[in-house]
There are 2 protein chains.
Amino acid sequence: MMEKKIKKSEWDITNCPVRTVLDRFGDKWSILVLLVLGEKQKLRFNEINKEVGSDISQKMLTVTLRKLEADGFIFRTIYPEIPPKVEYEITDLGKSLVPHVDNLTKWAVSNMPAIKRSRERFKK
Amino acid sequence: MMEKKIKKSEWDITNCPVRTVLDRFGDKWSILVLLVLGEKQKLRFNEINKEVGSDISQKMLTVTLRKLEADGFIFRTIYPEIPPKVEYEITDLGKSLVPHVDNLTKWAVSNMPAIKRSRERFKK
DNA sequence: CCGGATCCCCAGGGATACTG
DNA sequence: CAGTATCCCTGGGGATCCGG
């Protein structure tokens, strides 16, 4: 029976899949933007801005969208009009991630009370 | 009839569950340490250090362990000996999170090739 | 052996102004 | 409208030293 144990050398940043996932989605906005597009399928820049909540800066929204696009989670359609019109749409790859995030979210929702209680106890 | 749409004000950091989860686990080490303890159940400080891979500083390991403990994901047993001995063990709450992280990890493993290909294409 | 206390550095991210 | 370009600042995290 093979060991399931993961060798130490495999836990570094390049080989450890958990780290890979965190490095990619540990930032402030990626998941949020992805979920918004998962819900609405297709949105324009300003619409995403509204949906996310207006506390994201234009700069960070742009940066986040570019990264999601580079990874293949969303794709971008540019309409050569004036004023410009750009639509963002979630890809199949992006869609495939959404349920996992949703599961985590559900876990968080149902366990957050316990966590908060634990934090309270810990403070004392 | 109330909108199903999530109001902007509900997406802020305190009310949005996704953000809550990210704020808690978006840091560099929490999930990694939790997974290590999920596998081994019970470990001493230095053992965790070894398992995580020695690229975590003592300070950050301490900080991470305190946060996990405060949230109720692990608990700590101090043996009043000299030299000191401290054991960390995952709780049921902690265990309940592990499968979700594993699912995300599996997703990452199977989709990382596609992501990397997408990144290559995007560079050009 | 465990981990607290300090110092320091840098990258993520905000605010603002500007443009095709 | 959908960005780009700058400037700036905060805090996460590393290195090091010390102490029970």
Side-chain angles (χ1 to χ4, degrees), chain A residues 11-13 16 18-19 21-34 36-37 40 42-71 74-89 122-123, chain B residues 11-13 16 18-19 21-34 36-37 42-71 74-89 122:
Chain A
W11 280 91
D12 68 49
I13 198 168
C16 171
V18 189
R19 291 299 301 278
V21 128
L22 282 180
D23 286 345
R24 179 58 193 81
F25 296 106
D27 68 346
K28 200 168 174 183
W29 302 109
S30 291
I31 292 210
L32 213 46
V33 171
L34 188 73
V36 164
L37 278 169
K40 309 285 180 164
K42 187 187 286 192
L43 288 175
R44 297 182 60 172
F45 186 88
N46 271 346
E47 292 171 337
I48 300 175
N49 205 340
K50 297 268 173 57
E51 286 297 324
V52 168
S54 44
D55 54 345
I56 185 173
S57 62
Q58 280 202 339
K59 172 191 163 187
M60 285 318 297
L61 182 52
T62 302
V63 169
T64 303
L65 288 169
R66 288 299 170 282
K67 287 201 292 180
L68 290 174
E69 186 192 0
D71 286 0
I74 65 178
F75 67 87
R76 180 163 65 136
T77 313
I78 304 169
Y79 298 88
E81 305 171 357
I82 293 178
K85 175 180 173 184
V86 179
E87 281 183 341
Y88 294 90
E89 190 166 0
F122 194 75
K123 276 197 289 191
Chain B
W11 280 92
D12 67 48
I13 199 169
C16 171
V18 189
R19 291 299 302 277
V21 131
L22 282 180
D23 286 345
R24 181 57 193 82
F25 295 107
D27 68 348
K28 199 168 175 184
W29 302 111
S30 291
I31 292 210
L32 213 47
V33 171
L34 188 73
V36 164
L37 278 169
K42 185 188 287 192
L43 288 175
R44 297 183 59 173
F45 186 88
N46 272 346
E47 293 172 335
I48 300 176
N49 206 339
K50 298 267 174 56
E51 287 296 325
V52 168
S54 42
D55 55 343
I56 184 173
S57 63
Q58 281 203 339
K59 173 193 162 186
M60 286 319 295
L61 182 52
T62 303
V63 169
T64 302
L65 288 168
R66 288 301 168 281
K67 287 201 292 180
L68 290 173
E69 187 192 1
D71 286 359
I74 65 178
F75 68 86
R76 180 163 66 134
T77 314
I78 305 169
Y79 299 88
E81 305 170 358
I82 293 178
K85 175 182 173 184
V86 180
E87 281 183 342
Y88 294 88
E89 189 166 2
F122 194 75

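Please read all numbers here as calculations on a predicted model, not as lab measurements. To find a chain, count down the sequence lines: A is the first, B the second, and so on, and within it residues start at 1.
The side chain of B:Asn46 lies closest to C:dC1 when the candidates are C:dC1, D:dG3, D:dA2. Side chain of B:Lys28, nearest nucleotide from C:dC2, C:dG14, D:dG13: D:dG13. Residue A:Tyr88 has its side chain nearest to D:dG3 when only D:dG3, D:dG14, C:dG3 are considered. Closest to the side chain of A:Pro83, from the set C:dG13, D:dG3, D:dC1, is D:dC1. If you check C:dC2, D:dG13, C:dG14 against the side chain of B:Arg44, the one that comes closest is C:dC2.
Separation of atoms CZ (B:Arg66) and CG (B:Leu61) is listed at 9.0 Å; rounding is to 0.5 Å. The CD1 atom of A:Ile56 sits 9.0 Å away from the NZ atom of A:Lys28 when rounded to the nearest 0.5 Å.
For the OP1/OP2 pair of D:dG3 and a distance below 4.0 Å, the side-chain nitrogens and oxygens of A:Arg66 include at least one atom meeting the criterion. Taking 4.0 angstrom as the limit, B:Thr62 places none of its side-chain polar atoms (N or O) nearer than this to OP1 or OP2 of C:dG3. Distances shown here put every side-chain N or O of B:Lys59 at or beyond 4.0 Å from the OP1 or OP2 atom of C:dC7.
Atom pair A:Gln58:CD and D:dT6:P shows a separation of 17 Å (rounding to whole Å applied). Separating the CG atom of A:Leu65 from the P atom of C:dG13 is a distance of 14 Å, rounded to the nearest angstrom. If you take CD1 of A:Ile74 and C1' of D:dA2, they are 14 Å apart, rounded to a whole angstrom. One interatomic measurement links the two molecules: CG of B:Asp55 to P of D:dA15, which rounds to 10 Å at whole-angstrom precision. If you measure from atom CG of B:Leu61 to atom P of C:dC2, you get 10 Å, rounded to the nearest angstrom. When the P atom of D:dG14 is taken as reference, atom CE of B:Met60 falls 6 Å away, rounded to whole Å. The separation between A:Leu32 atom CG and C:dG13 atom P is 12 Å, rounded to whole Å. Residue B:Leu22 contributes atom CG, which lies 11 Å from atom P of C:dG13 at whole-angstrom precision.
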side-chain contact (heavy atoms from CB on, under 4.5 Å) between A:Arg76 and A:Leu65, worked out: CA-CA 9 Å; A:Arg76 180 163 65 136; A:Leu65 288 169; over 6 Å; no

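Checking each of A:Ile74, A:Val33, A:Asp27 against A:Lys67 for a side-chain contact (heavy atoms from CB on, under 4.5 Å) leaves exactly one that passes, namely A:Asp27.
Contact check for B:Glu87 versus B:Tyr79: side-chain heavy atoms found under the 4.5 Å cut-off.
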